[in-house]
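Data block below; observations after.
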Amino acid sequence: MAGSPPQEPGGFLPTSLPSPAPSNFSSSSTASNLPHPRTNPLRPGSSKEDAARRYVEARLLTISRRYVKKFQPMEEGDELKGYVSMGEVAKDLGDIVDVVWLSGTPSLQIPYLLNVASAVTTYLSAFPASPKAMFGLIRKLDHAFSSLLKGEDSVTGEILPGFSGGKKAGLSKTDMVRCKGLVDSTRVLVVDVMGKEIEDEADDESEMETETDGETSTWDDVGDGKWEMDVARVYEMTIVELGTLLDAGEAFTAGASD
């Protein structure tokens with residue numbers, strides 16, 4: 001298919017995405033379904049790290065192109081279609097989160113997860129809300145950011161690859177400030193988009209899987225508790241970790257995206 005990045009050699013990138021690791025949580029409001037990362041980070045400057053970087057860059061470029069095409073008429077012979085729903089966008093961005101997390105490499109995880117979080121703030125308001133897909137993607141990002149801020153998986157407590165010697169591989173002060181800005185912006189945007197038209201996700205196969213069925217609704221339906229907790233929990237774990245670190249004046253010294 002045109003616009004799809006090629007698979008790179010080297011044994012790191014999967015032909016298809018791995019099945020998510022089992023979660024300790026059964027609630028769709030807390031489970032993120034991040035895959036379990038590889039044991040050791042990719043060696044800096046290695047062919048595998050370069051392949052991963054080029055793969056993710058190509059995927060991000062394709063997503064950007066599909067978003068632009070949303071606003072353009074289809075041209076004859078053009079196989080790259082524009083996005084029609086936030087569910088499609090969330091699925092593609094979620095796939096990138098999975099691949100980056102699977103790498104177990106903070107120097108890739110930090111900048112690319114921040115890029116994905118930034119993309120979310122751009123795309124959210126361009127489509128009717130797709131709650132299942134939207135909250136599923138945000139849960140993945142929340143799990144990932146909160147874990148990188150702690151240096152351990154925020155759900156299982158397992159030390160992350162690259163953090164066995166401490167937290168020096170984590171986010172720099174600049175990264176944390178950027179992350180906080182994205183978190184704050186996303187929380188405002190989610191309330192805004194949920195107050196408008198909400199997409200019927202019941203028959204959309206592109207949606208990220210959660211345990212809650214979707215239907216056409218508006219913010220009035222949130223009052224019955226259907227999405228209320230999800231709205232309140234946007235980036236909840238990341239907020240706690242950022243608050244602890246920034247209020248204490250702490251920052252990790254070897255952030256990858258400074």
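Each residue takes its place number in the sequence, starting with 1. Everything quoted here is computed from the prediction, not taken from an experiment. What you see below is based on every heavy atom in this structure, not just the backbone, and it leaves out hydrogens, waters and symmetry mates.
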**Report entry** Test log, rule side chain to side chain contact (heavy atoms under 4.5 Å, CB included), inputs Ser118 and Leu114
**Finding:** CA-CA 6 Å; Ser118 178; Leu114 286 170; over 6 Å; no
Report task. Show your reasoning for whether side chain to side chain contact (heavy atoms under 4.5 Å, CB included) applies to Lys140 and Asp98. Result -> CA-CA 8 Å; Lys140 282 191 176 189; Asp98 286 346; 2.7 Å; yes
Report task. Check step by step if side chain to side chain contact (heavy atoms under 4.5 Å, CB included) holds for Thr156 and Glu152. Result -> CA-CA 8 Å; Thr156 67; Glu152 62 183 46; over 6 Å; no
Query - Pair Asp142-Arg233, salt bridge (Lys or Arg N to Asp or Glu O under 4.0 Å): steps then yes or no - result: CA-CA 10 Å; Asp142 188 28; Arg233 286 172 169 166; over 6 Å; no
Report task. Could you go through the side chain to side chain contact (heavy atoms under 4.5 Å, CB included) check for Val190 and Tyr235 one step at a time? Result -> CA-CA 11 Å; Val190 166; Tyr235 281 124; over 6 Å; no
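Using a 4.5 Å heavy-atom cutoff, the side chains of Thr174 and Arg178 are not in contact. Side-chain atoms of Asp230 and Arg139, non-hydrogen and from C-beta on, do get closer than 4.5 Å to each other. For the pair Trp101/Leu160, a side-chain contact is recorded, criterion being any heavy-atom separation below 4.5 Å from C-beta on. Side-chain atoms of Arg59 and Val99, non-hydrogen and from C-beta on, never get closer than 4.5 Å to each other. Within the 4.5 Å cutoff, side-chain heavy atoms of Met194 are placed close to those of Pro131.
Defined by atom type and a distance below 3.5 Å, a donor-acceptor pair is present between the side-chain atoms of Asp175 and Ser172. For the residue pair Thr238 and Ser146, no side-chain donor N or O sits within less than 3.5 Å of a side-chain acceptor on the partner. Judged by distance alone, the side chains of Asp92 and Tyr83 do bring a donor and an acceptor atom under 3.5 Å apart.
With rounding to the nearest 0.5 Å, the separation of CG in Leu149 from CG in Leu242 is 5.0 Å. Rounding to the nearest 0.5 Å places CG of Asn40 at 12.0 Å from OG of Ser103. Residue Tyr112 holds its OH atom at 5.0 Å from CZ of Arg53, rounded to the nearest 0.5 Å. Interatomic distance, CG of Leu102 versus CG of Leu34, reported as 10.5 Å (0.5 Å rounding). Remark: Ser64 OG to Lys69 NZ distance equals 11.5 Å, nearest 0.5 Å. Atom CD of Glu88 sits about 13.0 Å away from atom OH of Tyr123, to the nearest 0.5 Å.
Nearest heavy atom pair, residue Leu124 against residue Val193, reads O-CG1, 3.6 Å. Leu137 and Ala90 make their closest contact through CD2-CA, 4.0 Å (heavy atoms, listed as atom of the first residue, atom of the second, distance). Shortest non-hydrogen contact noted between Ser147 and His143 is OG-O, 2.7 Å. The two atoms that bring Ala133 and Gly87 nearest to each other are CB-CA, 3.7 Å, heavy atoms only. Nearest heavy atoms, Ala117 versus Leu141: CA-CD1, 4.1 Å. Smallest separation of non-hydrogen atoms from Pro111 and Pro106: CD-O, 3.9 Å.
Distance alone, capped at 3.5 Å, is enough to place a donor-acceptor pair between the Arg187 side chain and the Val234 backbone. With hydrogens and angles ignored, the 3.5 Å screen pairs a side-chain donor or acceptor of Ser46 with a backbone N or O of Arg43. Of the possible donor and acceptor atoms, none in the side chain of Glu241 sits under 3.5 Å from a partner among the backbone N and O of Met237. One N or O on the side chain of Arg66 and one on the backbone of Lys81 form a donor-acceptor pair closer than 3.5 Å. In terms of modelled atom types and a separation under 3.5 Å, the side chain of Ser107 and the main chain of Thr105 share no donor-acceptor contact. In this structure, the side chain of Thr186 engages the main chain of Leu182 through a donor-acceptor pair within 3.5 Å.
A chain of hydrophobic side-chain contacts below 4.5 Å, direct or via other Ile, Leu, Val, Met, Phe, Trp or Tyr residues, connects Val191 to Ile239. In the hydrophobic clustering of ILVMFWY residues, with side-chain heavy atoms under 4.5 Å counting as a link, Ile159 and Phe145 come out together.
With a 6.0 Å cutoff to the six-membered ring centre and a 45° limit on the axis angle, Lys70 counts as a cation-pi contact of Phe127.
In this structure, Glu57 has no salt bridge (Lys or Arg N to Asp or Glu O under 4.0 Å) partners at least two apart in sequence or on a different chain. Every residue was checked against the salt bridge (Lys or Arg N to Asp or Glu O under 4.0 Å) condition with Asp153, not counting sequence neighbours, and none meets it.
Heavy atoms from other residues, nucleotides or ligands lying under 6.0 Å from NZ of Lys180 number 12 at most.
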